[in-house]
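Notes follow once the structure below has been shown.
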Amino acid sequence: MRKFRFATALLCAAVAVSDASAMDLSLNDAVDMILDESQDLKKADANIKQAEAQLDAVNANRWFKIDGTATYMNLIDMKNPTKSYSVSIPDEIGAALSQFTGGQPVPLPDKLDIPDSMFMAGVSVTQPIYTFGKIGNAVKAVKSAVKMAQASHEITMREVKYSAVDLYWTAKMTDEIVEISRSDLQAARDARRSLTSAGRANRSNLVKIESDIATKEINLSNAEFNRDTAHRMLKILAGIDINEELNLTDEFPDEFPDLNAPELTSTPQWDALNEQIQMYERNARSQRANALPTLAATASYDYIAYGPNIPNMFGHDNMQSAYWGLALQLPIFSGGANMANATVQAMNAEAARQDLDKAKKMTNEEYTRAIDQYNHLRGNLATLKNARDLAAKAYDFSSGRFASGQTSAVELAEVSAGLYQLDMALLQAKYNILMSAESVKKLGE
């Protein structure tokens, strides 16, 4: 007996040391850690950066563009590809020229070498002046895409936060269930002890008590398994070492305040869908504008050098040219592509508009239902607490009567089961009230 007590004391000391070394985790800390670790939020951040990069790319079409070219060419004499390009001068040309010199012969070479090496370099500048909505609507469409990505980020953050709160209170509920199951098991063991200590125990009562103890041991084992599973999931999503013991410091409240939820006028989901409609409509206008002209200012400078060979190519005979002016580019025929693309974007806008109408109806219903559920459960909480307290008193009475041999183990088991069920119902009601409030925050905060 002494050895048993000593071992029990050592076990309690070990449990106390383990609890002392456990990591304290509050609800707010758990939510912050899960938000930091969320891959969905990181992806939403990347989507915003991608949309902003697309805006920079489309905005670049507003500004001037500079294009440069450099070309080298070499003329080839097909008869003598390895020699410079040359032209033979007929004798008749010399005789014709002597007529203008008073009969004096004009000396001419047998061949005339033509510069066959040519280098051309130039630069041109184009600045759009008026595009009839092609660039402007495209920029506005991408701005709507940026706002849509920001609204989607807010949606994702609210969903992750709601899931984090749900995970925390679920883990806390499993802690409470373990305590309820352990207390229920201990009560059954105390009943067996009182039965056997009174002398020769009634066999039917003893069998019933043993059966109840076995059942409650299974319940406790299942509760501990569920607790370990919930804590493991919480640690994984919060980025906590899987071997770290957790002590969830926030407790289920006993009282819940009035919700005072305002009327739902806007949500991030509605904002995202509205921006999606704007994006598609602006894209449609931009596609229609592709059939209209584009007015631009243009300027160019060119340098041309030529000679019989590369070393003599950059002589004093080189040429330069430059110009500036206005250019009007008018599309003539596109095969109907512009109107077809505009129609596609317009139909996408109509589909998004239908999605927005549906989302408003569904979200309003979900928001109202969450408020009603909060108020309903909160209104019944006091009655549920009173029922649980009465069940606890009934168990105390039945336990006393059982110890004195005035009632059977069957009656005690029924009263014990009633108390257990009310303990679980009260815990579940508190969890549901908390999560109803979180649903209201997620939808209408």
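Fair warning: this is a prediction, and the values are worked out from it, not measured in the lab.
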Quiz item: Under 6.0 Å from the NZ atom of K49, do we count more than 12 heavy atoms belonging to anything else shown?
Solution: no
Table please: side-chain donor-acceptor pairs of residues 229-242 below 3.5 Å, with sequence neighbours left out.
unit_1 : atom_1 : unit_2 : atom_2 : d
T229   : OG1    : F225   : O      : 2.9
H231   : NE2    : D175   : OD1    : 2.9
H231   : NE2    : D175   : OD2    : 3.4
K235   : NZ     : I242   : O      : 2.9
K235   : NZ     : E244   : O      : 2.8
D241   : OD1    : N243   : N      : 3.1

Exercise. Could I get the full list of ring-ring contact (aromatic ring centres under 6.0 Å, His included) partners for F252, not counting sequence neighbours?
Key: W169
Exercise. Run the ring-centre check on F132 versus Y130 and record whether the distance is less than 6.0 Å.
Key: yes
Quiz item: How would you list, by chain and number, every residue that makes a side-chain hydrogen bond (donor to acceptor under 3.5 Å, both in side chains) with N205, sequence neighbours excluded?
Solution: none
Quiz item: Is the number of heavy atoms from other residues, nucleotides or ligands under 6.0 Å of K385 NZ greater than 12?
Solution: yes
Exercise. Indicate yes or no for a side-chain donor-acceptor contact from N341 to the backbone of A337 under 3.5 Å, with no hydrogens or angles considered.
Key: yes
Quiz item: Less than 4.5 Å apart, any side-chain heavy atom of K442 and any of K161?
Solution: no
Exercise. Take atom NZ of K147 as the centre, draw a 6.0 Å sphere, and report whether it contains more than 12 heavy atoms from other residues, nucleotides or ligands.
Key: no
Practice problem: Check for a donor-acceptor pair, side chain of S181 on one end and backbone N or O of I177 on the other, with a separation under 3.5 Å. | Solution: yes
Self-check item: Steps toward side chain to side chain contact (heavy atoms under 4.5 Å, CB included) verdict (T363, E366)
Solution: CA-CA 5 Å; T363 306; E366 186 178 355; 5.5 Å; no
Quiz item: For the side chain of N137 and the backbone of G133, is there at least one donor-acceptor N/O pair under 3.5 Å apart?
Solution: yes
Quiz item: Can you tell me if S398 uses its side chain to pair, donor with acceptor, with the backbone of A394 under 3.5 Å?
Solution: no
Quiz item: What closest approach, in Å, do D302 and G122 show between heavy atoms, and which atom pair accounts for it?
Solution: OD1-CA, 3.6 Å
Exercise. Mark yes or no for whether T69, through its side chain, and A121, through its backbone, hold a donor-acceptor pair below 3.5 Å.
Key: no
Self-check item: The single option from Q150, H153, E154 passing side-chain contact (heavy atoms from CB on, under 4.5 Å) against P268
Solution: E154
Quiz item: Any chance the side chains of Y431 and D166 put a donor and an acceptor closer than 3.5 Å?
Solution: yes
Self-check item: Closest non-hydrogen atom pair between R282 and S144, with its separation
Solution: NH1-OG, 2.6 Å
Practice problem: Would you give the length of the straight line joining atom CE of M362 to atom CD of Q269, rounded to the nearest 0.5 angstrom? | Solution: 10.0 Å
Quiz prompt | Flag for K216-S416: side-chain donor and acceptor within less than 3.5 Å | solution = yes
Quiz item: Between the main-chain N or O of I180 and the side-chain N or O of S183, is there a donor-acceptor pair closer than 3.5 Å?
Solution: no
Self-check item: K65 side chain near N61 side chain, heavy-atom distance below 4.5 Å
Solution: yes
Exercise. Of all the heavy-atom pairs spanning A429 and L377, show the shortest one and how long it is.
Key: O-CD1, 4.5 Å
Quiz item: Do the non-hydrogen side-chain atoms of M279 and E275 ever get within less than 4.5 Å of each other?
Solution: no
Quiz item: Do the side chain of Y395 and the main chain of Y420 share a donor and acceptor less than 3.5 angstrom apart?
Solution: no
Quiz item: Any donor and acceptor pair, going by atom type alone, linking the side chain of T174 with main-chain N or O of A171 inside 3.5 Å?
Solution: yes
Quiz item: Short question: side chain of S221, backbone of E217 - any donor-acceptor pair under 3.5 Å?
Solution: no
Exercise. Count the heavy atoms belonging to other residues, nucleotides or ligands that lie under 6.0 Å from NZ of K42, then report whether that count exceeds 12.
Key: yes
